Structure formats: structure tokens, C-alpha cells
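If you're wondering where the values come from, they're calculated on a predicted model, not measured in any experiment. Values below: every heavy atom of this structure, side chains too, minus hydrogens, waters and symmetry copies. Counting starts at 1 for both ligands and their atoms, following the listed order.
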Amino acid sequence: MAALEMHKARKVYGTDDQQVVALNDVDLTVADDEMLILVGPSGSGKTTLLTVAGALLRPTSGSVKVGGTEITDLDDKALARFRRDQVGFVFQSVNLVPFLTARENLLVVRQFGGARVDADAKARADQLLEELGLGDRAGNLPSQLSGGQKQRVAIGRALMNDPSLVLVDEPTSALDSELGQQVMNLLRREIKGRGVAAIIVTHDDRVLEFGDRQVTIVDGVLETSPAGLSA
Ligand SMILES: Nc1ncnc2c1ncn2[C@@H]1O[C@H](COP(=O)(O)OP(=O)(O)OP(=O)(O)O)[C@@H](O)[C@H]1O
Ligand SMILES: [Mg+2]
């Protein structure tokens, strides 16, 4: 089953007199273990595509299926639950909770769901932090971490609930090239190791090699590149 199937997904922002068509009837399928790289100019609709794919925004029209579930059929409450259980986000701005430690930033996504933070959750958080090279930083606040370390905490948080789809917006833009490579290597290892699907938005040419496939979006329209990256 595909991790994501978008069919004629359309997103129009604004009111009648000033409308922006951010997604123009997009068709996109992402296989359940595929790592897709999404590129395109500023304002072309990349972040909008991620937010629609991840059920943060409803499309204006069209169909969006995540793991076979048509998310446009869900009411707000079901949508929030679905998002929490199925989707992991890594935003460009990282968005860690500033007064929680690295470890607590992972555990808090369990609590969002009303689940207890039990020994299993703690073990999982510690294992993820270890895998991400942050075993000795688990007790640090975000302000006590470097940019790359914060980015890695955000990756751990996105994986904490075992999502079927991970959506990543500009993971390396704030990082120098060596750190950017490191973060991408980690991301790929974590995603591939779990057989999870991912869409990664980037402006960064160095990130392209990490994907299985690349698509370009221009003015809300997808242009699939003729050959896969691995070809
Ligand atoms: N909340 C909003 N209200 C109105 N227009 C919006 C809103 N969010 C985005 N847009 C518009 O929709 C279009 C697509 O925006 P989007 O953020 O998806 O682009 P992007 O490809 O992520 O750009 P960037 O590379 O600069 O992050 C742009 O024209 C933008 O101005
Ligand atoms: Mg964007």
C-alpha cells in the first residue's frame, strides 16, 4: 500500500478577490518505503504540499490518502488523532519546546495523545537519542544544544510515535555543509532502517543524493523528473 496518494489535490489560499493556487491539482504517490525529495523555487508550494500531505491543512479539493485512509473524510478530532499517530514532522524552524530537555521533547509527543509516559516510552526516547548521537545530551535544554543537535532532536521527535509518513521541510538550511550531510545521513538511516516513507523538501543540492526519487514543483504543479536519482 502507498504511504501517500494525492489525487488532484488542490489548495487555494485567500479570499475571492485575492486567491493563490498553491497546489494545482497535484497527483503524487509515495511508496511505503520511499524517500522522496521535493524541490522547487521559493513560493512554489513545497511547504503547502507537506502540510496537506500531513493533514495539517485540508485541501480545497481533491483526494489525500495516507496509508490508505482518506484524510479529507475525517472530522477535526479524528484528523488530529490521525496526524499524531501516523505522521512525523520536522519543520525548518525546529520548534522544540524551550523549557523541556531533549528527552522531554521526545516524550511530550506521547503525552499529546493522552498516553502515559511509561517505561517503554522512556526507553524508546533514550534509544532514539542514542542513535542520533545525543545520548549524552538527553538532559540538555534546546538553548544548550547546537543547531545540528536541535535538528537531530526534532528528527527523534518526528520518529517517536512510529509514524508511517515522515515530512521534513528544509532539514539542512540552517546547517553548514558537513553538519547538513551528517543530519541527512542520520535521517536516511533512521527512515530506511524503519521502512518508513518520507518526503524531504530542500533547496540544497547536496541533499538530492539522499533520496530515492526527486520531484520538482513549480507554481503548484508537479514535474516528475524523467529518471530516478539512482539511475
Ligand atoms: N497561509 C497562507 N495564506 C495565503 N497564501 C499563502 C499562505 N501560505 C502560503 N501562501 C502562498 O502559497 C504559495 C506557496 O507557498 P509555500 O509556503 O507552499 O511555498 P514554498 O515552496 O514552501 O516556498 P519556500 O521555498 O519559500 O518555503 C506562495 O505563493 C505563498 O505566498
Ligand atoms: Mg516552504
Side-chain angles (χ1 to χ4, degrees), residues 3-30 34-66 71-72 74 76 79-80 83 87-96 147-148 150-155 157-158 163 165-177 179-181 183-184 187-188 191 197-225 229:
L4 173 70
E5 285 176 89
M6 298 174 101
H7 184 58
K8 287 194 180 304
R10 188 173 189 81
K11 181 67 194 177
V12 182
Y13 292 114
T15 50
D16 283 347
D17 45 333
Q18 219 210 351
Q19 292 201 336
V20 177
V21 181
L23 290 184
N24 194 349
D25 295 351
V26 165
D27 289 324
L28 177 65
T29 301
V30 181
E34 188 173 33
M35 195 159 167
L36 183 78
I37 305 280
L38 177 64
V39 296
S42 180
S44 58
K46 301 181 298 296
T47 298
T48 302
L49 191 151
L50 290 191
T51 51
V52 169
L56 283 170
L57 271 185
R58 290 174 193 280
T60 308
S61 59
S63 157
V64 179
K65 284 186 188 168
V66 178
I71 62 176
T72 55
L74 303 177
D76 286 352
L79 200 65
R83 195 160 60 218
V87 187
F89 288 97
V90 183
F91 292 108
Q92 179 171 13
S93 51
V94 178
N95 289 328
L96 298 179
K150 279 188 275 207
Q151 196 64 263
R152 282 182 270 155
V153 175
I155 292 169
R157 183 182 54 183
L165 180 64
V166 177
L167 302 170
V168 186
D169 206 350
E170 300 274 8
T172 60
S173 57
L175 309 176
D176 69 30
S177 79
L179 219 54
Q181 298 279 68
V183 167
M184 280 307 300
L187 193 58
R188 186 176 169 89
I191 284 172
I199 303 179
I200 299 180
V201 166
T202 186
H203 276 116
D204 184 348
D205 284 350
R206 296 161 309 175
V207 167
L208 299 181
E209 66 189 83
F210 290 97
D212 301 318
R213 181 161 66 106
Q214 181 191 333
V215 293
T216 304
I217 186 167
V218 178
D219 288 340
V221 178
L222 281 193
E223 300 169 354
T224 309
S225 49
L229 281 172

Novice: Specify whether an N/O/S atom of Thr47 falls short of 2.8 Å from the Mg ion (ligand 2).
Specialist: yes

Novice: So, Asn24 side chain and Val221 main chain: donor-acceptor pair closer than 3.5 Å or not?
Specialist: no

Novice: Residues around ligand 1, heavy atom under 4.0 Å from any ligand atom, sorted by chain and number. Can you pull those?
Specialist: Tyr13, Val20, Ala22, Pro41, Ser42, Gly43, Ser44, Gly45, Lys46, Thr47, Thr48, His203

Novice: Ignoring hydrogens and geometry beyond distance, is a side-chain donor-acceptor pair present between Thr48 and Tyr13 at under 3.5 Å?
Specialist: yes

Novice: Find out whether Leu96 and Arg157 are in side-chain contact, i.e. whether some heavy atom of one side chain is under 4.5 Å from a heavy atom of the other.
Specialist: yes

Novice: For Glu170, does its backbone N or O pair with a side-chain atom of Thr202 as donor and acceptor, under 3.5 Å?
Specialist: no

Novice: With sequence neighbours left out, write down each residue that passes salt bridge (charged side-chain N to carboxylate O under 4.0 Å, His left out) with Arg10, or none if nothing qualifies.
Specialist: Asp25

Novice: Determine whether a donor-acceptor pair (N or O, by modelled atom type, separation under 3.5 Å) exists between the side chain of Lys46 and the backbone of Pro41.
Specialist: yes

